[in-house]
Protein chains: 2
Amino acid sequence: MEDKKIKNMEEFASVSGISRPTLSKFFNDPASVRASTRRRIEAALEQYDYRPNLYAINQNRRLTKNIGVVVPYLSDPFFAEIARTIEAHVLETGYRPVLLGSHGNADQEIENLESLRLLKPAGVLLAPLGRASDRNRIAAFGQEVPTVLFDANIEETGAAFVGSNNGQSIDLIVDYLCRTGEPPAFFEMKEPTNPNAFKRRNAYIEAMERLSLTPHLIQAAGEGWEFEEIGFREGTRVVRDRNLPTNTILCSNDRLAIGFLSAAYEAGVRVGLGPDCTMRVAGHDNHPFSRYTCPTLTTVSQDYEAIAQKSAETLMALIEAQTPPDSRRETLFDGRLVMRGSA
Amino acid sequence: MEDKKIKNMEEFASVSGISRPTLSKFFNDPASVRASTRRRIEAALEQYDYRPNLYAINQNRRLTKNIGVVVPYLSDPFFAEIARTIEAHVLETGYRPVLLGSHGNADQEIENLESLRLLKPAGVLLAPLGRASDRNRIAAFGQEVPTVLFDANIEETGAAFVGSNNGQSIDLIVDYLCRTGEPPAFFEMKEPTNPNAFKRRNAYIEAMERLSLTPHLIQAAGEGWEFEEIGFREGTRVVRDRNLPTNTILCSNDRLAIGFLSAAYEAGVRVGLGPDCTMRVAGHDNHPFSRYTCPTLTTVSQDYEAIAQKSAETLMALIEAQTPPDSRRETLFDGRLVMRGSA
DNA sequence: ATTTAAAATTTACGCGCGTAAAGTCATTTC
DNA sequence: GAAATGACTTTACGCGCGTAAATTTTAAAT
């Protein structure tokens, strides 16, 4: 087909016999022109290789069809997975997702937002780093660009938040663990980078107290995003010392649990439900790799799909409304218990 | 500082007392103006909040400062890691990386290239899917845009290729395994998606024959990119049937090995070097999670850093030369043996 | 066949910046 | 101090498309 290259819309107008303003309308929304002319244009598009110049288009629009998607760490399969799902939902709505990772770095996070601002995006879906984030600058960005936060909440920032109901999910797993064995100790980082970690800690304590049990926190030192390494290090210590009031460990997230399980294995401690097992370990998130740990990891699944869909949906509504929302809305999705071999 | 918003370069010219063409030169290359005027501009930039409009800039350039980076699967920590490293190198050279994942899908891969073409990138770094890739269209793209392939090679396509020396790395691990125990069988997918898999298979066969040993292939059925799942499924079968001529398994890549190890654990087969172990397993790639398998995975590390740096470097040279290279160059980096607990 | 509303065309301007040409100014060289 | 070189300013055009206004065509409704 593709007979010859067309340089610009003017040229395409002359070869297709359609006026340029009509073509412009067509490319902005094919449904906005009469069905018969639409067919004529589409026929011409099959003959000639033409696509409108992206930069010329966006220069004249106040807002583009770009949607920024920022996650704290692209190498983390959890975020990679959720980014991928969000990407698909954004594409469905006819927008162009621009995916950026913050590499666990607050400066990079701000740079990503700055870089997005130049793209004049219609909106941004942002999963903030959490504690390390420059909250003021993120809030300022949220004032200028329609922004929906997901995964990690920052109060009063952005137009909405979509995430997991950590209270419910921790309740769920604590109840399960208590029902089926000894009550769990809670294994976490001493200074978590992520606000969800704080919520989970508090939810654990409340859940235990509700059951008239004494909460027990195991707090690992360590900075950064090498959670497996931290879980491994602290897990090795815990297993060696053997001074726990319980044989059951609930990890604040699956990546810590993966490291912990590795440590237990190395130390020769059998984890799981079998008769020769001396310890139970559970996680949180249903990390893509939690199916392949040894033993397979019992955990609470976050509803990736729902979070992705709702975030995208909320942002779209925000964009189409063209007006800041009356009030900031927070949506939380319940977790689902995933019973596997480790607890 | 940031007194007031400046609308465009014209306005910034009047408030800063510098002519617009000079400003234009400055923003394209700060070193291209006299040091004294450069200081004046930079001083003005601290007072006024102005950044050139990205779209207007790129509309008038034949090529932009964008560098496309395409990987087959962003959720795979291996590619996430290498993408991240490449991204950093691209940024260093003053270009803007645009990261796209193909989701294991050939159509998506082509769409990514199409989408990049609209961005008028200065060059593209592409890790193709492999067997599934539409080789013709990728080759055609390589004719139009300076393109360097990495990780997976496609003959005659793109201006250069940078990857791992699978021959050397498989030799290395086969030698090691033979030196320290029974010679390995090779565990792989029957119809690999990735050309490296074929190279590794052949390298294994050659290495075995060189040692006057009989190669033994275990080929798992299965499509797609769920390598752990395939490794788990086939691993379960292998362990159950117990009709192997050897107790040592060399997996074509770490993700298969991760699934295999999980299967062995579930089946109660001890893997490793200890006296109670009945099997050895090795992998290839030094996948970020191979440190946390049970037992930890002995593998061959690909030189991520070297591949990333060399790819970026090669592309930059290509871009600056502004002329298609005299001949296509292939660069292969040696692997490094990583001895851990599994073999 | 006539009216009418919707859609397409013609014409024209603007977006913000790259860039070329000619002229002016500052800095270096002898 | 004059000449020469380089840096800057002024002026002006073009990039490809969005979009507004006025006009004409088309298709549907009476």
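Lettering follows sequence order; numbering is per chain, from 1.
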With nearest nucleotide decided by heavy atoms, which residue, B:Arg34 or B:Pro52, maps closer to the 5′ end of DNA chain C?
B:Pro52
Students often get this wrong, so: under 4.0 angstrom with heavy atoms, is A:Ser36 touching a base, only sugar-phosphate, or nothing?
nothing
Starting at atom CZ of B:Arg40, determine the distance to atom P of D:dT9, rounded to an integer number of angstrom.
7 Å
Just how far, in rounded Å, is C1' of D:dG16 from CZ of B:Arg61?
17 Å
A:Lys120 NZ to D:dG18 C1', straight-line distance once rounded to whole Å:
11 Å
Report the distance from atom CD1 of A:Ile18 to atom P of D:dT25, rounded to the nearest whole Å.
16 Å
Between B:Ala35 and A:Tyr50, just flag the one whose closest nucleotide in DNA chain D comes earlier from the 5' side.
B:Ala35
Rounding to a whole Å, what distance do you find between A:Leu63:CG and D:dG18:P?
15 Å
Mind checking if B:Asn28 touches a base, just sugar-phosphate, or nothing, with heavy atoms under 4.0 Å?
sugar-phosphate
Taking CD in B:Glu144 as the centre, count heavy atoms belonging to other residues, nucleotides or ligands within less than 6.0 Å. Is the count above 12?
yes
Walk me through whether A:Glu305 and A:His89 qualify under side chain to side chain donor-acceptor pair (under 3.5 Å).
CA-CA 10 Å; A:Glu305 179 54 34; A:His89 281 284; 2.9 Å; yes
Take the protein atom OH of A:Tyr55 and the nucleotide atom P of C:dC15, then report the distance between them rounded to whole Å.
22 Å
Please tell me which of the listed nucleotides, D:dC8, C:dT10, D:dG16, lies nearest to the side chain of A:Ser19?
C:dT10
List the steps, then state whether salt bridge (Lys or Arg N to Asp or Glu O under 4.0 Å) holds for B:Glu114 with A:Arg51.
CA-CA 10 Å; B:Glu114 287 295 330; A:Arg51 303 192 59 175; 3.6 Å; yes
Can a donor-acceptor pair under 3.5 Å be found between the side-chain atoms of B:Arg20 and the base atoms of C:dG18?
yes
Mind checking whether A:Phe12 and A:Tyr50 have parallel, tilted or perpendicular rings, split at 30° and 60°?
parallel
In whole Å, I'd like the distance from the CG atom of B:Leu119 to the P atom of D:dG16.
17 Å
NA contact type, B:Pro21, heavy-atom cut-off 4.0 Å: base, sugar-phosphate, or nothing?
base
Would A:Asn53 and B:Gln59 count as having a side-chain donor-acceptor pair, cut-off 3.5 Å?
no
Which of C:dA8, C:dC17, D:dG18 is nearest the side chain of B:Ala56? It is C:dC17
Rounded to whole angstroms, how far apart are CG on B:Asn8 and P on C:dG16?
5 Å
Side chain of A:Thr37 (C-beta onward), nearest among C:dG14, C:dC17, C:dA8
C:dA8
Considering only side-chain heavy atoms of A:Ile57, which listed nucleotide, C:dG18, D:dG18, C:dA8, is closest?
D:dG18
Under 4.0 angstrom between B:Ser24 side-chain N/O and C:dG18 OP1 or OP2
yes
